[in-house]
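Below is one structure, written out as structure tokens; comments come after it.
One-based numbering along the sequence shown. Side chains included, hydrogens not; waters and symmetry mates left out as well; all remaining heavy atoms used. The structure displayed is predicted, hence computed values, not measured ones.
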Amino acid sequence: MLLPEATGEDSTVVLGKISAPVSLKVEPVGRWYQAYITRRNHKKTLSHSEGDYASSSSDDEDNDDFIEEENEKYLLSLDPEEWKEQDHYKVLGISKLRFRASEKQVKQAYKHKVLKHHPDKRAAARSAPRKDGDDDYFNCITKAYEILGNTQKRRSYDSVDPQFSDSIPPSNQDSKENFFKLFTDVFERNARWSTTKKVPRLGDMDSPIDDVERFYQFWYDFESWREFSYLDEEEKEKGQDRDERKWIERQNKIARQKRKKEEMARIRLLVDNAYTCDPRIKKFKEDEKRRREDEKRAKQEAARLAAEEKEKERQAKLEAERLAKEKEEEEARAKAQAAKKEKDALKKAMKKERKLFRDTCKKYNYFSTNETDTIQQMQEVEKICEKLNLLSLQQLNESLKGSEEDAKTAYYEQVKTVNDEIEKERSEERRVGKECRSRWSPYH
């Protein structure tokens, strides 16, 4: 800044001192600086991109800065027949974004690759030679977009992303001393598999107990969308007929279920290890222990004071309780004796009725005509004696008091009834046994 030239009438007055110069570090930021970096990286002038940036919004997806530098050596090393082994994100140049890449970014990255690596473009640019048929590496680019451009297929690939680490911290002293440093990243990394979008965070040492309990409850009930269909060894469509396709589908399903089970066991081990090593859990348990001890001491003191008051009442009640107990014991003995007499009487009556029944059957030669039948009927007599209760046996003996023919009819009717009951019981046992064997069969 220049001051006007002083005249003879002007005088100089000092009003203050100029402050010392200060050095400031300024970091360039903003949309226009980003536009400059984009032009520099893509070797474009301002005139080439002036129109684009004049109408651009704040959306970061409107440019292709996220696309990584070309790795032509990697692309040339790919085998189209082994497309399942390739890193689809790396093929499209978005290996750093990976699962965080939007659908628009995936599509933009694919277009970028097509413009440079399409066989016709390479032929015009005289770059990498084109191979015949499906052997050209451009098929790997197409396959990568086929996977990442489809929501379901991309989810299948993301589930087995080779860049994702399944490792979990062990339960040891180091994990306890560096708990938050080791486990925070692991839980945040695995939170991507949650079917619930809002996943509670691990927190820190000052997190309240409710938040900590809610965190572990969420992870113990963790529901994962991760699935392993991408690792299917056989493709269903390759089956020559319906039966072979069904067999392939069945084998793939078994393999997926096994991997899913292993994945859930891994998550459970992660949560178990974290719970074991979490210093907050130890602190909460110690606090709870102290609280219970304080409550226990308070209760003990209250109990001691109350005990003195209750002692007098207890002494007064002792005599009454003793007398009541003696009365109860006497009544119990009387009931026991009565029950014993009743049991003995029942036993004696059963013995009498059985003897009467056996004697009656013996009297009529067991209602048989030959020795073989006699032996058979003697066995039937014992079955009846074993199966019938006192009332039924008395009724049977009463029916045998008539003529020999009437007694024979009543006897055989009872034999048939008893045998039917025995057969019914056996059938039920066989049915139950068969159901048990079927239920526990490994092929059921």
Side-chain angles (χ1 to χ4, degrees), residues 239 241-255 257-258 261 324-444:
D241 52 40
R242 181 181 178 183
D243 291 338
E244 185 175 357
R245 286 192 292 272
K246 280 188 175 181
W247 182 86
I248 292 174
E249 184 178 3
R250 188 162 52 251
Q251 295 302 311
N252 289 337
K253 184 178 180 181
I254 293 173
Q257 290 175 344
K258 180 181 178 182
K261 185 176 181 180
K325 185 176 180 181
E326 288 180 355
K327 183 179 179 180
E328 289 178 0
E329 291 176 350
E330 183 64 27
E331 291 177 353
R333 282 194 294 271
K335 288 181 180 179
Q337 290 176 357
K340 185 176 184 300
K341 289 180 180 179
E342 184 179 353
K343 183 178 180 181
D344 291 342
L346 178 63
K347 186 177 180 181
K348 185 176 181 181
M350 282 294 295
K351 185 176 181 181
K352 178 181 177 182
E353 293 297 329
R354 285 173 178 170
K355 183 177 185 304
L356 177 59
F357 176 62
R358 290 189 182 101
D359 291 345
T360 302
C361 292
K362 185 177 181 181
K363 171 184 174 183
Y364 294 120
N365 196 27
Y366 297 97
F367 306 102
S368 61
T369 57
N370 55 65
E371 185 177 353
T372 303
D373 190 34
T374 299
I375 295 173
Q376 176 66 29
Q377 296 309 315
M378 290 174 69
Q379 294 175 351
E380 298 295 341
V381 167
E382 294 305 317
K383 283 183 186 179
I384 293 173
C385 290
E386 188 68 28
K387 294 293 289 186
L388 296 187
N389 56 28
L390 179 60
L391 180 60
S392 299
L393 201 55
Q394 287 174 340
Q395 292 174 349
L396 177 60
N397 284 332
E398 189 67 25
S399 64
L400 296 179
K401 289 181 178 181
S403 63
E404 182 179 354
E405 190 63 29
D406 293 339
K408 182 177 181 180
T409 302
Y411 166 76
Y412 277 107
E413 286 179 355
Q414 189 63 56
V415 169
K416 183 178 183 303
T417 301
V418 169
N419 286 331
D420 288 345
E421 290 179 358
I422 293 174
E423 182 61 28
K424 185 177 179 182
E425 291 174 357
R426 289 175 179 173
S427 298
E428 181 65 18
E429 289 177 357
R430 287 194 295 270
R431 185 186 67 79
V432 173
K434 185 177 180 180
E435 287 182 356
C436 292
R437 289 192 298 274
S438 175
R439 186 179 304 164
W440 292 106
S441 173
Y443 302 102
H444 178 65

Decide yes or no on salt bridge (Lys or Arg N to Asp or Glu O under 4.0 Å) for E435 and R431, but give the supporting numbers first. CA-CA 6 Å; E435 287 182 356; R431 185 186 67 79; 2.5 Å; yes
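- There is no side-chain donor-acceptor pair under 3.5 Å between T409 and D406.
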Using the rule given for side-chain contact (heavy atoms from CB on, under 4.5 Å), can you reason through C385 versus R358, listing the C-alpha separation, both sets of side-chain angles and the distance that settles it, and then say yes or no? CA-CA 9 Å; C385 290; R358 290 189 182 101; 4.0 Å; yes
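- Of all the heavy atoms in Y364 and A407, the pair that sits closest is CE1-CB, 4.0 Å.
- Annotation: side chain of K352 is not in contact with side chain of L356 (no heavy-atom distance under 4.5 Å).
- For the pair D344/K348, no side-chain contact is recorded, criterion being any heavy-atom separation below 4.5 Å from C-beta on.
- Using a 4.0 Å cut-off between charged side-chain N and carboxylate O, E331 and K335 make no salt bridge.
- A salt bridge is absent between K246 and E249: the closest approach of a Lys/Arg side-chain nitrogen to an acidic carboxylate oxygen does not fall below 4.0 angstrom.
- Of the possible polar contacts, none joining the D373 side chain to the S368 backbone as a donor-acceptor pair under 3.5 Å is found.
- In this structure, the separation between CH2 on W247 and CG on N252 is 8.5 Å, given to the nearest 0.5 Å.
- Contact check on R430 versus E423 returns a salt bridge, with a Lys/Arg side-chain nitrogen under 4.0 Å from an Asp/Glu carboxylate oxygen.
- Nearest heavy-atom pair across M350 and N389 is SD-C, 3.9 Å.
- K363 NZ to C361 SG: the interatomic distance, rounded to the nearest 0.5 Å, is 11.0 Å.
- Applying the side-chain contact (heavy atoms from CB on, under 4.5 Å) test between N419 and each of E380, K424, Q414 identifies E380 as the sole match.
- With a 4.5 Å cut-off on side-chain heavy atoms, R245 and R242 count as touching.
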Using the side-chain contact (heavy atoms from CB on, under 4.5 Å) rule, take V432 and E428 through it: C-alpha gap first, then chi angles, then the decisive distance, then the call. CA-CA 6 Å; V432 173; E428 181 65 18; 3.7 Å; yes
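- The number of heavy atoms from other shown groups lying within 6.0 Å of CD (E386) does not exceed 12.
- Remark: the E398 side chain and the Q394 side chain contain no N/O donor-acceptor pair separated by less than 3.5 Å.
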Under the side-chain contact (heavy atoms from CB on, under 4.5 Å) rule, what do Q379 and Y366 come out as? Steps first, then yes or no, please. CA-CA 10 Å; Q379 294 175 351; Y366 297 97; over 6 Å; no
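- Considering only heavy atoms from C-beta on, I422 comes within 4.5 Å of K387 through its side chain.
- The neighbour count for E342 CD, taken as heavy atoms of other residues, nucleotides or ligands under 6.0 Å away, does not exceed 12.
- For the pair Y411 and T360, the minimum side-chain heavy-atom distance is 4.5 Å or more.
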Between E329 and R333, is a side-chain contact (heavy atoms from CB on, under 4.5 Å) present by the stated rule, with each step listed? CA-CA 6 Å; E329 291 176 350; R333 282 194 294 271; 3.9 Å; yes
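- Under 4.0 Å is where a charged nitrogen must lie from a carboxylate oxygen, and between K416 and D420 at least one such pair does.
- Rounding to the nearest 0.5 angstrom, the gap separating the OG1 atom in T417 from the CG atom in L388 is 9.0 Å.
- Distance check: L390 CG to K347 NZ gives 14.5 Å after rounding to the nearest 0.5 Å.
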